[in-house]
Colleague: 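Below: one structure in structure tokens.
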Amino acid sequence: MELAFINRIRRNHAIEHATVALLVEEGLSGLVAGYATSNGFWLFSKAGNQDVMKAAENALKRLCQGENRLAVTKNCGTNIALTVIITDLAFQLYRRITKSKSADLGPRILIAAASIAISNPLGLKIQQYFTTLSDVSQVKIIKVDTYNLGKMCLHKVNTTQSQV
């Protein structure tokens, strides 16, 4: 796959994370979910169109000013997926070592706790180096399309990126 295409997604992923962080900083609570694409990102939340546009533009500006920490979050799907994978691998390893088809509750809890302890810092590093790219200087936000779904909204933040 072309690296430029992947990097467009990684940049939008960084802006998505930063946008959510700024919305939360402004008082947004409840469910917020996002998904980055090569031409922007989707957000599902209670926030309105203007709030998302303002947060996305501010997120882009702050990332350009070097606030890279905004690009990485413990609530990312990368961390969730990594926790599931590590827990499953650890449980499979436990079953092989003990030659057991299952495990009692105690070992299951220990495996899950250890997996969470390992996957959280590892997930943040994976985001930092692989799934987000905080160098967003070539990104421009075009517009935010909003679809009202009752009390929630689905937003498509559309971006364009110049070639470097």
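Predicted model only: the values in this text are computed from it and were never measured.
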Colleague: side-chain contact (heavy atoms from CB on, under 4.5 Å) for Val32 and Phe44? Distances and angles first, verdict last.
Modeller: CA-CA 6 Å; Val32 180; Phe44 180 72; over 6 Å; no
Colleague: Any idea which heavy atoms bring Ser115 and Thr87 closest together, and the distance?
Modeller: CB-OG1, 3.0 Å
Colleague: Report yes or no: does Asn148 contribute a side-chain atom to a donor-acceptor pair with the main-chain N or O of Cys153 at less than 3.5 Å?
Modeller: no
Colleague: How close do Val52 and Val144 get, heavy atom to heavy atom, and via which atoms?
Modeller: CG1-CG1, 4.0 Å
Colleague: I'd like to know if the side chain of His155 reaches the main chain of Leu43, judged simply by a donor and an acceptor atom lying under 3.5 Å from each other, with no hydrogens or angles considered.
Modeller: no
Colleague: Check whether Leu63 and Val157 end up in the same hydrophobic cluster, where Ile, Leu, Val, Met, Phe, Trp and Tyr are linked by side-chain heavy atoms less than 4.5 Å apart.
Modeller: yes
Colleague: Starting at OG1 of Thr83, measure out to CG of Asn120 and round the result to the nearest 0.5 Å.
Modeller: 5.5 Å
Colleague: Using 0.5 Å steps for rounding, measure from the OH atom of Tyr35 to the NE2 atom of His13.
Modeller: 10.0 Å
Colleague: Is it true that a side-chain atom of Asp51 and a backbone atom of Leu23 form a donor plus acceptor pair closer than 3.5 Å?
Modeller: no
Colleague: When you measure from the side chain of Arg11 to the backbone N and O of Ser134, does any donor-acceptor pair fall under 3.5 Å?
Modeller: no
Colleague: Are Leu133 and Phe130 linked, directly or through other ILVMFWY residues, by side chains that come within less than 4.5 angstrom of each other?
Modeller: no
Colleague: Please report the shortest heavy-atom distance between Phe41 and Ala36, naming the atom on each side.
Modeller: CB-CA, 3.8 Å
Colleague: Mind checking whether Leu124 and Val24 sit in one hydrophobic cluster, side chains of I, L, V, M, F, W, Y counted as touching below 4.5 Å?
Modeller: no
Colleague: How many angstroms lie between CZ in Arg62 and OG1 in Thr19, if you round to the nearest 0.5 Å?
Modeller: 11.0 Å
Colleague: Show the nearest heavy-atom pair for residues Leu22 and Ala59, with the distance to one decimal.
Modeller: CD1-N, 3.3 Å
Colleague: Between the side chain of Gln161 and the main-chain N/O of Arg8, is any donor-acceptor distance below 3.5 Å?
Modeller: yes
Colleague: Return the CD to CG distance between Glu25 and Leu70, rounded to the nearest 0.5 Å.
Modeller: 7.5 Å
Colleague: Atom CD of Gln138 and atom CG of Asn7: how far apart are they, to the nearest 0.5 Å?
Modeller: 8.5 Å
Colleague: Apply the test side-chain contact (heavy atoms from CB on, under 4.5 Å) to residues Ser45 and Leu31: give CA-CA distance (whole Å), side-chain angles for both, the deciding distance (0.1 Å), then the verdict.
Modeller: CA-CA 6 Å; Ser45 77; Leu31 174 66; over 6 Å; no
Colleague: About how many Å separate OG1 of Thr132 and CD1 of Ile9, when rounded to the nearest 0.5 Å?
Modeller: 13.0 Å
Colleague: Before giving the answer on side-chain contact (heavy atoms from CB on, under 4.5 Å), spell out for Leu89 and Leu93 the whole-Å C-alpha distance, their side-chain angles and the decisive distance to 0.1 Å.
Modeller: CA-CA 6 Å; Leu89 291 173; Leu93 182 61; over 6 Å; no
Colleague: Among Asn79, Thr78, Thr73, find the one that has a side-chain hydrogen bond (donor to acceptor under 3.5 Å, both in side chains) with Gln127.
Modeller: Asn79
Colleague: Pair Lys156, Asn39 - check side chain to side chain donor-acceptor pair (under 3.5 Å), show working.
Modeller: CA-CA 10 Å; Lys156 175 59 164 67; Asn39 65 351; 3.0 Å; yes
Colleague: Using the rule given for side-chain contact (heavy atoms from CB on, under 4.5 Å), can you reason through Leu154 versus Thr146, listing the C-alpha separation, both sets of side-chain angles and the distance that settles it, and then say yes or no?
Modeller: CA-CA 6 Å; Leu154 180 62; Thr146 300; over 6 Å; no
